[in-house]
Amino acid sequence: MCRHPRRGEAGREVTRATTGSPSPRGAAVGRGIGIGLMYGLWKPRVLGAWRVPASGPVILAVNHSHNIDGPMLMGTAPRPVHFLIKKEAFVGPLDPFLHGIGQLKVDRTTADRTAITRALGVLEEGGVLGIFPEGTRGEGDFASLRAGLAYFAVRSGAPIVPVAVLGSTERRGRLISALPPLRSRVDVVFGEAFAAGDGSGRRTRKALDEATVRIQTRLTVHLDGARRFTGR
């Protein structure tokens, strides 16, 4: 028996069909899985989660030094997160799984219009978009930012919340060397939300370049403060 949508649901379904944005329910399922795995295998210490706006669009900008950083944020963030994930991760059974939990596949070698449209759709629907602004796994220090984060923030007007994941690379596990030791502590520190734009509404190349500089400064300051506070 088909259920008619409640007031407002029809509009959201049309928007989702048009943009191809992932289902919020899928992201909620992914969050539940992340909570079970991350708290079951490690000991996350979450600091400042109250800084994430309780509703409305928001972008979580996360440093990236280990493969568990994304799942760790999915399991510790106060809201379900739709991550932009490199297409190389969508292989075999992981492809339908990642799509099923509301994650977004992106081709980093080109301007992936499909991924851009879907990510903007997440924000238009008031969801949470997770981005590794460095583009790939590295030192996790925000030293090299790509322009994508600035584009999404300026285009959507969504605030950015900087997130530092610390401790995932300090030691290797004895059972699985590619992972942190089981039951070890990983700190997840959320920073203050901020607007990337200058308030003018400009979306020119110069405006995006200036926004990228502002974003990098804010993310670096947050990461330095998180390291001092946690001692990591």
Side-chain angles (χ1 to χ4, degrees), residues 15 18-22 48 51-53 56-66 69-70 73 77 79 81-89 103-166 188-228:
T15 300
T18 303
T19 63
S21 57
R51 295 188 174 107
V52 178
V58 63
I59 300 172
L60 301 183
V62 195
N63 66 321
H64 193 25
S65 57
H66 197 284
D69 294 340
L73 182 61
R79 295 171 60 186
V81 182
H82 301 273
F83 257 107
L84 276 168
I85 301 174
K86 61 182 181 180
K87 70 174 186 178
E88 291 82 359
Q103 306 311 296
L104 295 161
K105 177 167 62 175
V106 60
D107 184 348
R108 298 176 299 170
T109 65
T110 184
D112 191 336
R113 294 185 180 278
T114 298
I116 291 171
T117 299
R118 290 176 175 172
L120 289 173
V122 167
L123 297 172
E124 287 171 2
E125 294 176 21
V128 180
L129 182 66
I131 295 181
F132 297 118
E134 296 158 290
T136 187
R137 185 160 44 93
E139 296 299 319
D141 56 3
F142 296 124
S144 178
L145 262 64
R146 296 192 176 190
L149 175 56
Y151 174 81
F152 287 121
V154 172
R155 172 73 182 272
S156 68
I160 296 173
V161 172
V163 186
V165 179
L166 305 172
V188 183
V189 187
F190 294 86
E192 296 285 352
F194 67 93
D198 60 3
S200 68
R202 293 181 301 131
R203 300 177 184 175
T204 62
R205 179 62 179 271
K206 181 180 179 181
L208 292 178
D209 288 343
E210 292 172 350
T212 298
V213 172
R214 283 192 293 271
I215 291 169
Q216 186 170 36
T217 299
R218 293 291 296 264
L219 297 187
T220 301
V221 168
H222 170 67
L223 181 60
D224 290 344
R227 284 174 170 166
R228 288 194 302 271

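Being a predicted model, the structure only gives us computed values, none of them experimental.
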Next on the checklist: Tell me every residue that passes ring pair (Phe, Tyr, Trp, His ring centres under 6.0 Å) with F83, counting only those two or more places apart in sequence or in another chain.
Outcome noted: F132

Checklist entry - Do any N or O atoms from the side chain of H64 and from the backbone of H66 form a donor-acceptor pair under 3.5 angstrom? => result yes

Checklist entry - Closest heavy-atom contact between A158 and L123? => result CB-CD2, 4.2 Å

Checklist entry - In Å, rounded to the nearest 0.5 Å, how long is the span from CG of N63 to CG of L219? => result 9.0 Å

Item to check | By side chain to side chain donor-acceptor pair (under 3.5 Å) - contacts of D198 (at least two apart) | outcome: S200, R202

Item to check | Non-hydrogen side-chain atoms of P22 and V122 separated by less than 4.5 Å | outcome: yes

Checklist entry - In chain order, what residues pass the side chain to side chain donor-acceptor pair (under 3.5 Å) check against R203, with sequence neighbours excluded? => result none

Checklist entry - At what distance, to the nearest 0.5 angstrom, does CG of L208 lie from CZ of R155? => result 11.0 Å

Checklist entry - If you round to the nearest 0.5 Å, how far is OG1 of T217 from NE2 of H222? => result 14.5 Å

Checklist entry - Rounded to the nearest 0.5 Å, how far apart are NZ of K105 and CD of E88? => result 10.0 Å

Next on the checklist: What's the separation between atom CG in L104 and atom CD1 in I116, rounded to the nearest 0.5 Å?
Outcome noted: 11.5 Å

Item to check | Donor-acceptor pair, side chain of Q103 and main chain of V81, under 3.5 angstrom | outcome: yes

Item to check | Donor-acceptor contact present, side-chain R79 to main-chain P53, <3.5 Å | outcome: yes

Checklist entry - Do R108 side-chain atoms and K86 backbone N/O form a donor-acceptor pair below 3.5 Å? => result no

Next on the checklist: Run the side chain to side chain contact (heavy atoms under 4.5 Å, CB included) test against D107 and tell me which residues pass, sequence neighbours left out.
Outcome noted: K87, T109, T110, D112

Next on the checklist: Less than 4.5 Å apart, side chain to side chain, heavy atoms only: is that true for L129 and I131?
Outcome noted: yes

Item to check | Closest non-hydrogen atom pair, G197 against R214 | outcome: C-NH2, 3.6 Å

Checklist entry - At their closest point, which heavy atom of V161 faces which heavy atom of G191, and how far apart are they? => result CG1-O, 3.5 Å

Item to check | Residues that R228 engages under salt bridge (charged side-chain N to carboxylate O under 4.0 Å, His left out), provided they are two or more places apart | outcome: none

Checklist outcome for this item: Between the CD1 atom in I215 and the OG1 atom in T220, the distance rounded to the nearest 0.5 Å is 11.5 Å

Checklist entry - Which heavy atom in L149 sits nearest to a heavy atom in A61, and how many Å separate them? => result CD2-CB, 3.8 Å

Checklist entry - Taking only residues two or more places apart in sequence, or in another chain, which ones meet A153 in a side chain to side chain contact (heavy atoms under 4.5 Å, CB included)? => result I59, I160, A196

